[in-house]
Amino acid sequence: MTGGLVDPALADAPCLGAAGGPTEADWAAAVKVVRDLPPDGRVLLICHVNPDGDALGSMLGFGLGLSRLAVGNLQATFPGSAEVPEPFQGMPGLDLLVPEADAYPDPDVTICFDAASEARLGRLADRLRDSVSIVVDHHASNTRFGTIHLVDPQAAATSVVAEEWLTRLGVELDAEIAECLYIALATDTGSFRFDVTAAVHQLAARLLATGIRADEISRRIFDTRPFDSVRLYGEVLSRAEFDPAAAQGRGLVWTYATLEDLARYGQRPYVLEPLIDSIRCAMEADVSCLIKQVAPEEWAVSLRSKGEVDVSRVAVNLGGGGHQLAAGFTGHGSVFEIMDAIRAELEKSVITPDAAA
Ligand code: AMP
Ligand code: MN
Ligand code: MN
């Protein structure tokens with residue numbers, strides 16, 4: 001069955017707007033940690049498992065920024081770091097990346113990007129407990145692990161927080177840093193469709209002013225997939241189901257992809273990431289769900305809402321996390337068991353006018 005509650009207290013907490021962004025004291029503490037680093041200090045940067053553009057982009061963009069300050073010895077890694085998803089293999093800053101097994105066992109400072117909880121860091125979570133640890137994130141469901149929290153639930157991407165920290169450190173943006181932060185921002189905003197604010201576009205403008213080419217970056221990250229993945233999409237989309245009664249009648253569209261599907265088309269898991277956007281466009285449903293098999297009894301579940309359901313609450317209650325309108329968790333068992341658990345949680349997660357206030 002699906003994972004149980006990680007933290008029962010968290011499950012009952014409101015998932016949006018529960019906390020403001022970093023305080024001036026948080027920023028001052030984070031800036032001081034970097035300023036006080038001895039030249040030979042070991043700094044380990046980590047991000048969440050199966051990294052997306054925001055996890056890698058904010059980590060590598062910040063890492064490149066730190067390298068410009070020439071403080072400390074830098075390493076970057078993530079759980080299962082042997083596999084950088086293909087779309088990100090040309091990213092600047094990848095030379096900072098080391099295999100997880102080679103990461104400093106005892107860093108002086110550990111900085112963690114885009115992870116809502118320690119569970120997203122696998123064995124690397126140990127490093128946070130044994131060093132000064134700074135958590136840079138934007139998930140409303142962040143569990144506030146680590147020593148210093150630069151967590152802003154209002155930020156469209158972790159890279160927004162990373163860029164502010166770089167600015168406060170006096171680092172000037174250059175094209176390499178900007179490319180990483182732009183990939184992060186473009187990924188988490190769905191290419192500037194979600195979380196679109198003046199601040200998001202102002203950050204994008206600062207990044208583009210370094211001379212990076214948004215068209216080339218977007219083509220590489222979003223529009224470069226093998227032909228056979230297109231045929232795989234066809235098959236997975238053709239089995240999508242519409243459940244109008246789900247979420248107290250708000251409606252649910254869902255589908256799944258198995259390891260067997262990937263093997264039949266000779267595809268790697270990363271090609272499935274954009275598929276949730278193809279099913280979420282169905283206008284009859286508020287909620288969409290894509291269930292991607294990662295092991296015989298293990299599935300990565302993506303949830304999206306258009307505004308009437310808090311899918312972060314669903315994901316947190318099933319052992320995951322995320323944002324009100326985009327969340328995920330790792331499900332165990334069969335697709336049908338996972339769907340039953342999701343349906344049950346959806347009934348309890350409709351946003352009522354009172355809860356949204
Ligand atoms: P995805 O559906 O993978 O694009 O993820 C949507 C959001 O949910 C992101 O903010 C993720 O960080 C979060 N998320 C996805 N999977 C998990 C998980 N297993 N645990 C916690 N958060 C997750
Ligand atoms: Mn992420
Ligand atoms: Mn993110």
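We're numbering straight along the sequence, starting at 1. Computed from a predicted structure; not experimentally measured. These numbers come from the heavy atoms of this one structure, side chains and all, not from hydrogens, waters or symmetry mates. As the structure lists them, so they are numbered: ligands from 1, and atoms in each ligand from 1.
- Of the polar atoms of S302, at least one N or O is found under 3.5 Å from an N or O of ligand 1, judged by distance alone.
- Residues satisfying the side chain to side chain donor-acceptor pair (under 3.5 Å) criterion with S133, sequence neighbours excluded, are T147.
- E86 has a carboxylate O that lies under 4.0 Å from a charged side-chain N of R268, or vice versa, which qualifies the two as a salt bridge.
- Residue-to-ligand polar distances place R304 within reach of ligand 1: an N/O pair is separated by less than 3.5 Å.
- Between D36 and K32, at least one side-chain nitrogen of the basic residue sits less than 4.0 Å from a carboxylate oxygen of the acidic one, meeting the salt-bridge criterion.
- Taking 4.0 Å as the cut-off between side-chain N and carboxylate O, E172 and R68 do not count as a salt-bridged pair.
- For the pair H323 and ligand 1, the shortest N or O to N or O distance falls below 3.5 Å.
- Annotation for ligand 1: atoms under 4.0 Å from non-hydrogen atoms of T330 are 19 (N).
- Contact check on R219 versus E216 returns no salt bridge, with no Lys/Arg side-chain nitrogen under 4.0 Å from an Asp/Glu carboxylate oxygen.
- Ligand-side atoms of ligand 1 in range of G320: 20 (N), 21 (C), range being under 4.0 angstrom from any heavy atom.
- At least one heavy atom of A326 sits under 4.0 Å from some atom of ligand 1.
- W299 and Y256 have perpendicular rings, their planes meeting at more than 60° on a 0 to 90° scale where under 30° would count as parallel.
- Only protein N, O or S atoms were considered, and those under 2.8 Å from the Mn ion (ligand 3) are D54 OD2, D114 OD1, H138 NE2, D188 OD2.
- Here is the list of ligand 1 atoms found below 4.0 Å of a heavy atom in G322: 8 (O), 13 (C).
- Where the criterion is an N or O separation shorter than 3.5 Å, residue side chain and backbone included, G321 meets it with respect to ligand 1.
- Results of the side chain to side chain contact (heavy atoms under 4.5 Å, CB included) test with V301 over V335, T330, I342 single out I342 as the only residue that passes.
- F78 has its side chain out of reach of I46: every pair of non-hydrogen atoms, C-beta onward, lies at least 4.5 Å apart.
- Residues forming a ring pair (Phe, Tyr, Trp, His ring centres under 6.0 Å) with Y182 (at least two apart in sequence, or on another chain): F192.
- Of the protein's non-hydrogen atoms, the one nearest atom 18 (C) of ligand 1 is R120 NH1, 3.3 Å.
- By the rule that hydrophobic residues join a cluster once side-chain heavy atoms approach within less than 4.5 Å of another member, L97 and V109 end up as members of one cluster.
- A donor-acceptor pair shorter than 3.5 Å can be found between the side chains of D188 and H138.
- What sits closest to atom 23 (C) of ligand 1 on the protein, heavy atoms only, is G328 O, 3.4 Å.
- Every residue two or more places apart in sequence or in another chain was checked for a side chain to side chain donor-acceptor pair (under 3.5 Å) with S218, and none qualifies.
- Residue contact annotation: C47 places no N/O/S atom under 2.8 Å from the Mn ion (ligand 2).
- Taking only nitrogen or oxygen atoms, main chain and side chain alike, H139 reaches within less than 3.5 Å of ligand 1.
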